[in-house]
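Just below is one structure, and these are the notes that go with it.
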Amino acid sequence: MDTFYITTPLYYVNARPHLGHTYTTVVADCVSRYKRMQGCDVCFLTGTDEHGQNIERAAAAQGVAPEVMADRNAGAYRKLWARFGVEYDRFIRTTSKSHYAAAAEVFQRAFDNGFIYKGEYSGWYCIPCNLFAPEAESAPDCDVCQRSTERVTEESYFFKLSVFQARLLELYEKHPEFINPPSRRNEVIRFVSDGLKDLSVSRTSVKWGIPVPVADDHVIYVWFDALVGYLSGIGFGNGKEQDQFRKYWPAQVQLVGKDIIRFHTVYWPAFLLAAGLPLPERVHAHGWWLKDEAKMSKSRGNVINPHLLLNHFGSDAVRYFLLREIPFGADGNFSYQAMIQRTNSDLANDLGNLVSRTLALISRNFDDTVPSPSAPLTSLEDELKKHALSTVEAFQDHMDRLAFSRALEAVWELLSRTNKYINVCAPWTMAGDEAQRPRLATILHTCAEVVRIVTVLLAPVLPASCAKVWNQLGQQEALSHQRLDRLQWSRELSGNMLGEIRAVFPRLDKKALLDSLFGAGSGGQKKSADSRDRKKTPAVRKEAPQAPGSTKSSARSSAGADTITIEDFVKVDLRVGQVVEAEKVKGADRLLRLTVDLGRETRQIVAGIAQAYPVEKLVGRKIIVVANLQPRKLRGLESNGMLLAASVGEEDRPVLATFLEEVPNGARLK
RNA sequence: GGCGGGGUAGCUCAGUGGUUAGAGCGAAGGUCUCAUAAUCCUUAGGUCGGGGGUUCGAGUCCCCCCCCCGCUACCA
């Protein structure tokens, strides 16, 4: 029997689960149910990543031990997965004893193989991301999250990532399927091609972690620790379960969000190679769910609470929406409107209603017993049957490629044809006519058979609802034991006594639901409706720090003309500054590091004007500075603002803006 | 700035150079009445981002430009 090992990331327990976690986990659950129904021996692992300075600090801030916080949030994940009907086989916590042993062993193996050495590290470290930033003279912002970094100096063990460049590139080349979707693959290839630096894989400044086996005053780098969870979760490093590990590793699919693709396609395979372990077959990065076209975040206040969704829609409708709404891999926009729309039109109207009308007709005409097809099949039945079988094929083709939305589209095409079939045949006109009874039996059996096939296909996506339909069809054997890969047109329903018929996919009252979600009379749905203007309005830039909704009005006000309002303009804080110091930035042709006196404060600004202005011509000079620009680092140096210059000629030579009269430093321009 | 991916009906998207550019959803009208005010049928007048070019013929190939997204960078 084929084995199939699929993983979600181990979620970091510094926060409660959100829609993004839910998405990955639901996808993994759907795939594992699907593979089980193909007869595979499936292992589905999820879990929590519980170490690191970030947890240490968050726990301290709440006045609790890290263990307490980890327990609390790990519990929150498990509860949510239970509510979503997620059936994982393993839930690994990186604080578990067996994981400690595994992490230490992988580290030891890499060490023994000469891929880990002792050195000293001094650098700028982003605690939330657990990442070092490139070297710089003053604290740069984190590449990943833009938050500020802190100086950390410590003895450290380094992983020789640099020696894996060629092997990784060869891996991507020989196994194009290793990184999905292909656009991510290209990004990773470029990143690796640009060269890899050795990676610090231990910390002495952190206590909350797994001791390094060769030096117990060090703790293993939290990403190294967490990634090993994919191995420890199935028994690696645990004598009793070695056979489980050998059975399931390497994984067939590792699902990740696009933000952690690098850890999983660069560091992770390198760690495995260093430890002499096989590599996973496929890492698949998916996109983010956006709300109102913006990334969900607490600060924006546009986070979707999965529990709220469950309360209003139920687990299957949410599962369906997540899998159907967007192609797997792309970002998607979440809106309650779309959620309601999908639920009503797809689940209630197309699927639920087909089930209802089929069962009701059988119940009424054949006394709750599924009839046998007693009249010869016509071309109508032949076509429908043929289409049903090709749908079974198409569904699996798409599912195997993780193209969930396509797989579901194929099923809905079949549902649509079946609804047409009933209308054309109009079985209700035959009721009570003995002569037409065999024909009626055939029609209703055909409909029921399509319902049976569809129910089996959709079981991985809509497990709870399909189980209900299955019972209503009078089926005895468990739905989850059905084999998708052996799904045939059959007569197995004939003679079945129907179960109690109840609507499985109820229609939602859109207005009432939106009112209860947003409060009566609110414009809750207006927000989601602005996706309509997506192409016409300037997109919300991620650095635009406005609340959702306000972007709309400002965008509108400028629509139709290349003008901005005075309100837009006053957002820009222009100040008179005076250059106090200027020096060339090492290793950069065009950059100068300037110290600028802005009256109340002195700032460091990095500007690309070295080729136009020698240092000595700048000191003492008055310039105009954009004072409230987001800080950013250039060549490792933080630049706090931007100076204004005209861009002249083909080569865009900068010419500084200045004043002809005396102006005090710090004066505002308006 | 570099590299990559995109810009097609109100929305989400399909569209191997070739007849009047398609689907689903939404909207409008109609039909049926078995069914969850569901089904089914009809209706979309879209400069296929803009401009050149190749071709008998281009959404589909080439060039230029604009805009969006991602990665990346020595960004006025």
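Small disclaimer: the values here were computed from a predicted structure and weren't measured. Scope of the values below: all heavy atoms of this structure, side chains included, with no hydrogens, waters or symmetry mates. Residue numbers start from 1 in every chain, and the chains themselves are labelled A, B, ... in the order their sequence lines are given, proteins ahead of strands.
Under the 3.5 Å distance criterion, with hydrogens and angles disregarded, no donor-acceptor pair is assigned to the side chains of A:Arg621 and A:Gln578.
If you check distances only, the side chain of A:Arg590 never reaches the base of B:C74 with a donor-acceptor pair under 3.5 Å.
Pairing for B:C40 is with B:G30, a Watson-Crick or G-U wobble pair whose two hydrogen-bonding atom distances lie under 3.5 Å. When both pairing distances are held under 3.5 Å, B:G22 makes a Watson-Crick or G-U pair with B:C13. For B:U54, there is no paired nucleotide, since no Watson-Crick or G-U wobble pair has both relevant distances below 3.5 Å. B:G1 is paired with B:U72 under the criterion used here, namely a Watson-Crick or G-U wobble arrangement in which both key atom distances are under 3.5 Å.
The residue A:Leu643 sits close only to the backbone: its heavy atoms come under 4.0 Å of sugar-phosphate atoms, none of a base. Residue A:Ser356 is in base contact, counting any heavy-atom pair closer than 4.0 Å across all strands shown. Using a 4.0 Å heavy-atom distance criterion, A:Ala360 is classed as a sugar-phosphate-only contact. Heavy atoms of A:Phe191 sit nowhere under 4.0 angstrom from any nucleic acid atom. Residue contacts for A:Ala607: at a heavy-atom cut-off of 4.0 Å it reaches the sugar-phosphate backbone alone, with no base atom in range.
Taking the P atom of each, B:G24 and B:G18 are spaced 23 Å apart, rounded to whole Å. B:U55 and B:U72 have their P atoms separated by 44 Å, with the value rounded to a whole Å. B:U54 and B:C61 have their C1' atoms separated by 8 Å, with the value rounded to a whole Å.
The CG atom of A:Leu380 sits 4.0 Å away from the OG1 atom of A:Thr378 when rounded to the nearest 0.5 Å.
The cationic atom of A:Arg185 (NZ for Lys, CZ for Arg) does not lie both less than 6.0 Å from the six-membered ring centre of A:Phe178 and within 45° of the ring axis. With a 6.0 Å cutoff to the six-membered ring centre and a 45° limit on the axis angle, A:Arg319 does not count as a cation-pi contact of A:Tyr23.
Shown here are the side chain to side chain contact (heavy atoms under 4.5 Å, CB included) partners of A:Ser639, two or more places apart in sequence or in another chain: A:Ile605, A:Val606, A:Leu634. With sequence neighbours left out, A:Asn349 forms a side chain to side chain contact (heavy atoms under 4.5 Å, CB included) with A:Ser345, A:Arg507. With sequence neighbours excluded, the residues that form a side chain to side chain donor-acceptor pair (under 3.5 Å) with A:Arg357 are A:Asn419, A:Asn423. For A:Asp368, the side chain to side chain donor-acceptor pair (under 3.5 Å) test picks out A:Ser363, with sequence neighbours left out.
For A:Phe164 and A:Trp268, the distance between ring centers is not under 6.0 angstrom.
Comparing A:Pro506 and A:Gly608 by the nucleotide of RNA chain B that holds the closest heavy atom to each, the one mapping nearer the 5' end is A:Pro506. If you find the closest nucleotide of RNA chain B to A:Leu415 and to A:Met642, the one lying nearer the 5' end belongs to A:Leu415.
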Atom pairs under 3.5 Å, N or O on each side, protein against nucleotides 25-30 of chain B: can you list them with distances?
none

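RNA chain B lies under 4.0 Å from at least one heavy atom of each of the following residues of residues 416-430 of chain A: A:Ser416, A:Asn419, A:Lys420, A:Asn423, A:Trp428.
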